[in-house]
Each structure stands twice: as structure tokens, then as C-alpha cells.
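Structure, as C-alpha cells:
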Amino acid sequence: MVTIGIVAFQGGFYEHYAMLLRAFAETSIEGEVKLVKKKKDLEGLDGIIIPGGESTTIGKIAHKTGILYDIKEVIESGKPTLATCAGAIMLAKKVRDAKVPEFSQPLLGVMDIGVVRNYFGRQRESFELDLHIEGMDEAPYRGIFIRAPAIVDIWGGARAISKITYNKEEIIVFASQGSILATTFHPELTGDARIHKRFISLVKR
Ligand code: GLN
């Protein structure tokens, strides 16, 4: 039995919840899902999800409620972590914005990646694209990008699992580091549970 917590301040936490239940149903792994809003909710977790949404809002609420550093501890203790879109921004050690030159926001800063927020700009706020993901050869994965960031820098322990070409630039859209998975797209919004299944098998290990 595994217990997965989803940080539930803002953004797509219910969609992750539904996708996790589906991933449990499609594997033989038994699990339960908890929504995380307070320090107490972090107790006994085997893995954690940080959803997409608005990274400034998620960061500010986590900071205000005082659990930002507790979440960071859970991740740094090696508990498998799935972070999507705004979640990936939260994990990055280097963050800048495509438009706003100077800004600061509470972040977790645990992953050796540099991201640019709102990389694809306003006009192309949303798009979908078939992705080739390392270790997922059966069929492409449909990536849904919503005001997505881009991973433009990667070093140390992090590595790229999927890339796309945009304006002739190679951009990383899925990276991992140890037992952390970070996507700039939204796997919880597809009908495809493969990324959540990969995550729960990491948690189960
Ligand atoms: N643009 C958002 C941010 O900067 C991320 C968008 C998303 O999570 N879909 O936090």
C-alpha cells in the first residue's frame, strides 16, 4: 500500500487525484491519495505531487502556511516527486520569466534545472504536441502545454527525458533527477495514465 500526497493549494490537484486513482486501477499497485494543505498532511507520505496552476500563488500560500520548507524536506529526503508545469517551476534552482525582468517568488529550488516561465508567450498560451518520451516507446504521449514554462538549462544530477523543437531551439519538456519527475506539460489532463503509472512504480520501489 502506498500513500501519495498532492499539494492542494491551487491548480490542477483534483485532476491529478483522478489520474492517480486511474493509474492505481490500471496497475496492481494498491494506493491511497491525500490532499496536502497542512504540515500534518505530509506525515506518512511515500510520494508527493506538485500540480500545475500558478507557481507564484502556490509558492505564496505554501510560504504563508509555513509548509514550503516541510515540502522541500520531503522531496530532499528522496521521496518520489511528480511536478507538473507550475510544479516544475517550483522545483527549479534557476527561474526567470519570459517578460518580467526582475521578480521573486517562493520556490523549492531542489532540481538542477533552469526554467523560463511563460516561455511560449501569450499568443500561443496553449498547444498540444505528440511527445517522444524516453522509456515510453509504444506510442507518443500527447503533451498539453498551458502557459507552459521551458526547461532551458540542465546540469548536475538532472537529465532530459523528452525534448521538443520550438523556433529551431531544442527545449526540454520532461526531466528527471533521482526520483523526481518534472514535466512542463499536463499529464493529468490527458486520458493517458502512463506518466502517473511510471510515478507510482517509482513510489512502490
Ligand atoms: N504560467 C504558470 C506559472 O508561471 C504555469 C502554468 C501552468 O502550470 N499551467 O506558474
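Hydrogens, waters and symmetry mates are skipped; everything else that's a heavy atom, side chains included, is used. All residue numbers refer to positions in the sequence shown, counting from 1. Just so you know, ligand 1 is whichever comes first in the structure, and atom 1 is the first atom listed for that ligand.
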**Study point:** Parallel, tilted or perpendicular: ring planes of Phe185 versus Phe145, cut at 30 and 60 degrees
**Key:**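 Plane angle between 30° and 60°, so tilted.
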
Exercise for review: For the pair His63 and Tyr69, name the ring-plane relationship: parallel under 30°, tilted 30 to 60°, perpendicular over 60°.
Suggested key: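 The arrangement is perpendicular - the two ring planes meet at more than 60°.
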
Practice item. Ignoring hydrogens and angles, state whether a donor on the side chain of Glu170 or Thr165 is under 3.5 Å from an acceptor on the partner side chain. Key: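 Not at all, the side chains of Glu170 and Thr165 share no donor-acceptor pair under 3.5 Å.
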
Check your understanding: Do the side-chain N and O atoms of Glu134 and Ser162 include a donor-acceptor pair separated by under 3.5 angstrom?
Key ->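 Note: Glu134 and Ser162 side chains miss the donor-acceptor criterion.
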
**Study point:** Result of checking Ile180, Ile75, Thr84 against Ile50 for side chain to side chain contact (heavy atoms under 4.5 Å, CB included)
**Key:**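 Passing option: Ile75.
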
Review point. Which ligand 1 atoms does Gly52 reach within 4.0 Å, using its non-hydrogen atoms?
Key: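 Reading through ligand 1 atom by atom, the close ones are 8 (O).
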
Review point. For atom 1 (N) of ligand 1, which protein heavy atom lies nearest, and how many Å away is it?
Key: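 For atom 1 (N) of ligand 1, the nearest protein heavy atom comes out as Asn118 OD1, 2.8 Å.
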
Review point. In the protein, what heavy atom is nearest to atom 7 (C) of ligand 1, and what distance, to one decimal place, separates them?
Key: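 Protein heavy atom with the smallest distance to atom 7 (C) of ligand 1: Cys85 SG, 2.8 Å.
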
Just distances here: any N/O of [X] and N/O of ligand 1 closer than 3.5 Å?
X: Ser55; answer: yes
X: Arg117; answer: yes
X: Ala86; answer: yes

Practice item. Verify side chain to side chain contact (heavy atoms under 4.5 Å, CB included) between Trp155 and Lys93, making sure each step is shown before the conclusion. Key: CA-CA 10 Å; Trp155 68 92; Lys93 285 189 181 164; 4.0 Å; yes

Check your understanding: Should the proximity of Arg147 to ligand 1, defined as any heavy atom under 4.0 Å, be assigned to the side chain, the backbone, both, or neither?
Key ->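 For Arg147, the contact with ligand 1 is made by both the backbone and the side chain.
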
Exercise for review: Quick one: look at Ile89 and ligand 1, take heavy-atom pairs under 4.0 Å, and tell me if it's side chain, backbone, both or neither.
Suggested key: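 Within the 4.0 Å criterion, Ile89 contacts ligand 1 through side-chain atoms alone.
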
Exercise for review: Just go through Ser126, Gly53, Ala88 and tell me whose heavy atom is the nearest to atom 5 (C) of ligand 1.
Suggested key: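 Looking at heavy atoms only, Gly53 sits closest to atom 5 (C) of ligand 1.
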
Review point. Got a second to check how far Asp112's CG is from Lys94's NZ, nearest 0.5 Å?
Key: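 Asp112 atom CG to Lys94 atom NZ measures 10.0 Å (nearest 0.5 Å).
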
